Amino acid sequence: MQKRYEPEEIEKKWQDFWEEKDYFSPHPGRKKDTFSMVMPPPNITGVLHMGHALNNTLQDIMARFKRMQGYEVLWVPGIDHAGIATQNVVERDLVKKGLNRKKIGREEFNKRVWEWKEKYGERIFSQLKNLGISCSWEHRSFTMDKKHSKAVREVFIQLYKQGYIYRGNYIINWCPGCQTALSDIEVEYEEKRGKLYYIKYPFKKGKRYLIIATTRPETMLGDTAVAAHPKDERFKNLQGKRLILPLIGRELPLIYDEYVDPEFGTGALKVTPAHDPNDFLIGKRHNLPFINILNPDGTINKEGRIYEGLERFKCRERIVNELKERGYLKKIEDYTYRIGRCYRCKTLVEPYLSPQWFIKMGDLAHQAIKAVKEEKIEFVPSFWKKSYFQWMEDIHDWCISRQIWWGHQIPAWFCQDCEKITVSINEPEECSYCGGKNLKEDEDVLDTWFSSSLWPFSTLGWPGKGKEFKKFYSTSLLCSGWDILFFWVSRMIMMGLKFTGKVPFHKIYIHPLIGDEKGKKMSKSKGNVVDPLALMEKYGTDAFRFSLIALKTDSPYTRFSEERVRGYRNFANKIWNASRFTLMNLQDFQLQKKLKNKKYIELSDRWILSRYSSLTKKISSNLNNLLFSEPAQLLYQFIWGEFCDWYIELVKMRLLNKKGAESRYTAQWTLCQVLKGTLKMLHPFMPFITEEIFQRLPEDKDDKESIMISSWPESEREDEGAEKKMNLLMEIIQEVRTIRSEMKIPPQKEIDLLLKTSDKKNLNILRENNSYIVNLTKTKQLLIGKDITPIKGSVSSLTGNVEIFIPLKDLIDIEKEKKRLKKDREKLNRELFFLEKKVSQPQFLSKAPPELIKEEKEKREALQHKLKKLKQRLEEME
RNA sequence: GCCCAGUUAGCUCAGUGGUUAGAGUACUUGCUUGACAUGCAAGAGGUCGCUGGUUCAAGUCCAGCACUGGGCACCA
């Protein structure tokens with residue numbers, strides 16, 4: 001075994017081994033219970049990023065943990081066809097080749113997307129394999145495969161037939177870049193500093209005019225009215241007047257609508273029903289014409305007359321100029337307002353009137369709220385529930401149609417004869433209303449999130465209700481980032497309840513997104529993106545995974561720092577070396593079976609086994625409660641701070657046979673047991689290094705061929721007495737080391753050490769375990785007793801009720817020692833002052849629990865004793 | 001505007017009403033100590049954002065405020 005842990009070959013080796021052995025597929029376990037999860041499907045365009053890494057590491061920890069606990073685990077991996085995102089990527093690729101989508105046509109385009117999918121779609125799977133995740137690859141799914149198409153159509157048709165899905169002409173968010181409708185949540189809003197233009201709208205008769213403020217002057221091309229508040233005095237006597245739209249010359253009626261805010265701008269509002277959601281409603285109320293002025297690509301259409309063909313912002317510029325030239329522009333003010341961008345291509349979104357498909361959300365949302373309120377789904381951390389409720393309670397109908405080519409085509413046919421819609425799983429032969437054969441399939445496809453909302457059951461074969469569906473649905477747990485809480489999680493809950501009658505998952509674990517060191521969102525444009533694959537290569541996958549988990553908090557962004565990964569690389573190396581040490585000392589371990597029944601176990605053994613036992617309980621309960629960073633820290637602390645720093649150090653002398661064969665064997669057994677059990681608990685976090693070492697450790701009957709399928713450790717060896725004894729010894733050792741360091745005693749120099757106490761119990765502990773003290777403090781001569789008189793020129797200290805003396809003779813610097821003791825005295829005085837105050841308060845004595853009072857009083861006595869001894873020493877030195 | 005989260009060591013973060021508020025990292029000092037210098041030992045470093053309240057007891061619970069980050073909704 002080399003001195004350093006070298007992850008590369010080891011990781012590859014075990015990943016292949018596990019897959020070959022088919023450990024990732026569900027196998028009936030000891031518990032007969034199941035544990036199931038579906039992976040949030042990455043986009044087929046996706047390249048592994050930090051978010052995937054965290055998300056999948058969390059799931060992998062749970063999968064491995066539950067598997068070791070004896071559950072039958074199913075973890076379904078999959079990828080998402082990601083409609084718009086994928087279409088954009090493939091389209092860009094076409095442009096590079098001098099082609100475009102319209103040139104090659106829909107069929108050819110989709111053929112190319114499929115080709116692209118075959119080529120790159122599973123790239124992310126191989127990257128996930130590097131991460132060591134243990135999902136069931138044979139269950140892999142794709143949101144566009146036959147299974148899912150069937151589920152999608154089934155859901156669509158049922159929703160349509162039950163009146164949840166409708167089609168109509170409404171204002172939706174239109175992305176001129178992607179040239180499709182978007183749902184409300186697919187628009188990202190940001191503050192923008194822009195201008196507010198004040199435009200004169202002249203009356204048809206006379207020379208007067210109204211001034212109207214707008215941020216989007218180009219939309220005036222679609223104005224069909226001017227509105228004022230009915231109670232606004234300024235406009236009261238203008239009833240029935242008509243205005244002329246500048247530049248265009250169209251006559252506009254002046255109407256009155258409660259919606260108008262008299263306080264804003266001039267109190268008069270231009271109404272553009274086809275390009276503003278509020279104006280749309282006003283238009284409906286007042287039966288105004290709806291004039292669409294935009295082409296799908298964001299250029300002005302023929303309704304814009306002389307401006308036809310202009311790009312929308314060019315048009316704005318020109319209109320403003322012309323208004324100015326012709327005296328229609330009163331003024332321009334600076335104004336900050338909100339603009340919406342497409343979440344895929346970041347193009348500014350336009351409110352746009354067009355025929356689209358929608359799902360009525362009211363009832364579905366109501367059921368989904370109810371299920372969470374009734375705690376059928378547990379949110380972790382629970383505060384996310386509030387966001388969930390808020391969004392669900394204020395939900396709008398979901399625009400599900402997209403004017404793109406890549407996706408599930410909407411199973412609807414328009415009858416050219418009677419203009420009615422026939423919806424059907426398979427292509428219908430005739431119109432279901434008039435029987436006409438002249439049918440035209442709807443060209444729109446469904447929102448990507450429509451198919452992903454079915455994911456927890458569509459992956460399990462729904463609408464079929466086969467064995468797997470029955471066995472693994474509802475799933476046990478879903479892990480997701482909060483960024484897709486509304487896009488995905490909420491919708492799965494609604495669809496799951498609607499179509500299976502059950503919640504899609506019992507628990508939802510919502511993890512943070514990973515920000516950079518400053519806590520900012522990682523993005524390509526900011527250039528602060530960290531590549532997980534590079535980190536895995538540099539520090540090893542285990543260290544990388546561990547850093548993701550140990551860093552994780554509940555706050556929405558976790559700050560990621562490479563420093564920490566390096567720290568956990570060092571931790572992996574520490575484990576490696578602790579194991580190396582153990583293995584080097586197991587030559588005669590064949591005796592282990594005999595040792596199992598041995599009664600003789602040393603204090604340090606009892607101590608480490610006790611610490612180990614309480615660790616097993618904490619780790620199990622933490623993981624069951626979906627706490628991840630806590631167990632990670634506990635394991636780190638135990639392995640490094642207890643097992644390595646203390647146990648291994650204490651056991652060295654025994655392994656060198658200084659205490660006889662029996663003691664050596666016991667040490668070997670304990671080392672091996674504790675190491676093995678700890679590795680098992682660490683396995684979900686650091687799968688590779690733990691497997692590598694496990695394979696090298698001696699087998700016993702419970703451990704089969706891999707740590708992955710070994711049983712989760714349980715241990716009942718808590719021993720409070722042993723812990724107390726060890727604590728005393730450790731304190732003394734640490735105190736002696738401190739003195740050595742403060743007194744600048746060279747590390748090589750052996751000292752004499754006197755330990756004085758009148759407590760019989762402590763005397764026994766010290767005598768029985770004097771070797772611990774001798775070995776860890778470099779002591780030559782150790783004297784333990786209750787009537788020891790320290791030699792003059794000793795340094796002293798006190799822990800518990802044990803007085804420590806180190807004779808230094810002429811080496812001692814009296815002044816320095818006095819200073820040290822005085823500093824101790826000050827500290828003691830301070831502590832005692834507060835403690836005495838506390839213990840003497842009548843309210844404390846009457847209301848605090850008696851146990852605590854007793855403890856505090858004992859503490860006070862101990863402090864008083866300590867102070868007395870300290871004062872004695874100081875007097876002696878004067 | 002409404003909502004959520006956060007504010008603890010230089011930095012990144014733990015902290016479950018009850019010892020002297022912890023860890024990693026960085027820093028200082030000393031060490032090639034028979035697993036490990038990716039290491040070992042010791043040390044320094046804190047008005048727990050502010051103000052009140054509840055309590056025998058508050059970093060922890062409650063209220064208000066400030067600041068930071070985020071989400072949602074908005075008037076052209």
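In what follows, every chain begins at residue 1, and chains take the letters A, B, ... in the order their sequences are listed. Note that the structure is predicted; figures quoted are calculated from it, not measured.
No engagement by A/Val271 is indicated, since no non-hydrogen atom pair under 4.0 Å with the nucleic acid exists. Heavy atoms of A/Ile648 sit under 4.0 angstrom from at least one base atom. A/Asp279 comes within 4.0 angstrom of no nucleic acid atom, judged by non-hydrogen atoms across all strands. Using a 4.0 Å heavy-atom cutoff across all strands shown, A/Thr215 reaches sugar-phosphate atoms only and no base atom. Among the heavy atoms of the strands, none lies under 4.0 Å from A/Trp384. Residue A/Arg580 is classed as a sugar-phosphate contact, given heavy-atom separations below 4.0 Å to backbone atoms only. As judged by a 4.0 angstrom heavy-atom cut-off over every strand, A/Pro746 is placed among residues making no nucleic acid contact. Within the 4.0 angstrom heavy-atom criterion, base atoms lie near A/Leu656. A/Gln734 comes within 4.0 angstrom of the backbone, heavy atoms only, and of no base.
Closest to the A/Trp482 side chain, of the nucleotides B/A42, B/G70, B/A35, is B/G70. Nearest to the side chain of A/Glu630, among B/G39, B/G15, B/U29, sits B/G15. The side chain of A/Trp640 has B/C40 as its nearest neighbour among B/C56, B/A35, B/C40. Here B/A42 is the nucleotide among B/A76, B/C36, B/A42 with the atom lying nearest to any side-chain atom of A/Arg737. Across B/A73, B/A35, B/U38, the shortest atom-to-atom separation from the side chain of A/Asn573 is found for B/U38. Of the candidates B/G18, B/C75, B/C4, B/C4 carries the atom nearest the A/Phe383 side chain, counting heavy atoms from C-beta on. For A/Arg564, whose side chain is taken as the heavy atoms from C-beta onward, the closest listed nucleotide among B/A35, B/G24, B/C56 is B/G24. Between B/G39, B/G30, B/G18, one nucleotide has an atom nearer to the side chain of A/Phe844 than all others, and that is B/G18. Among the nucleotides B/A76, B/G71, B/A35, the one closest to the side chain of A/Asp261 is B/A76. Taking the side chain of A/Ala848 as heavy atoms from C-beta on, and the options B/U38, B/G15, B/C56, the nearest nucleotide is B/C56.
B/G6: Watson-Crick or G-U partner is B/C67, with both key distances under 3.5 Å. The nucleotide B/G1 finds its pairing partner in B/C72, both defining distances of the Watson-Crick or G-U wobble pair being shorter than 3.5 Å. Nucleotide B/G39 is matched to B/C31 when pairs are restricted to Watson-Crick or G-U wobble geometry with both distances under 3.5 angstrom. With a cut-off of 3.5 Å on both Watson-Crick or G-U wobble distances, the partner of B/C11 is given as B/G24.
Distance, A/Gln390 CD to B/C72 P: 11 Å, rounded to whole Å. Following rounding to the nearest Å, A/Lys847 (NZ) and B/U54 (P) show an atom-to-atom distance of 12 Å. B/U20 atom C1' lies 12 Å from atom CD of A/Glu731, rounded to whole Å. Straight-line distance from the CD1 atom of A/Ile212 to the C1' atom of B/A76: 10 Å, rounded to whole Å. In this structure, A/Lys854 atom NZ and B/U19 atom P are separated by 18 Å, rounded to whole Å. One can place CZ of A/Arg664 at 20 Å from P of B/G34, the figure rounded to the nearest angstrom. Distance CG (A/Asn577) to C1' (B/A37): 11 Å, rounded to an integer number of Å. Regarding A/Lys838, its NZ atom lies at a distance of 6 Å from the C1' atom of B/A57, rounded to whole Å.
Checking A/Lys270 against A/Thr272 by side-chain atom types alone, a donor-acceptor pair falls below 3.5 Å. Side-chain contact, A/Tyr5 with A/Glu692: no donor N or O sits under 3.5 Å from an acceptor N or O. Judged by distance alone, the side chains of A/Ser771 and A/Lys659 do bring a donor and an acceptor atom under 3.5 Å apart. Side chains of A/Tyr256 and A/Asp232: no donor on one and acceptor on the other come within 3.5 Å.
Contact annotation: A/Asn278 side-chain N/O to B/A76 OP1/OP2 distance is not under 4.0 Å. A sub-4.0 Å separation between OP1 or OP2 of B/A37 and a side-chain N or O of A/Lys3 is present. Between B/G43 and A/Thr738, a contact under 4.0 Å exists linking OP1 or OP2 to a side-chain N or O. Phosphate proximity of B/C40 to A/Arg740: absent, as no side-chain N or O sits under 4.0 Å from OP1 or OP2. Taking 4.0 angstrom as the limit, A/Tyr259 places a side-chain polar atom (N or O) nearer than this to OP1 or OP2 of B/C75.
A donor-acceptor contact under 3.5 Å is formed by the side chain of A/Lys574 with the base of B/C36. The base of B/A35 sits with one of its N or O atoms less than 3.5 Å from a complementary donor or acceptor on the side chain of A/Glu649. Judged by atom type and distance alone, A/Arg338 reaches the base of B/A73 through a side-chain donor-acceptor pair under 3.5 Å.
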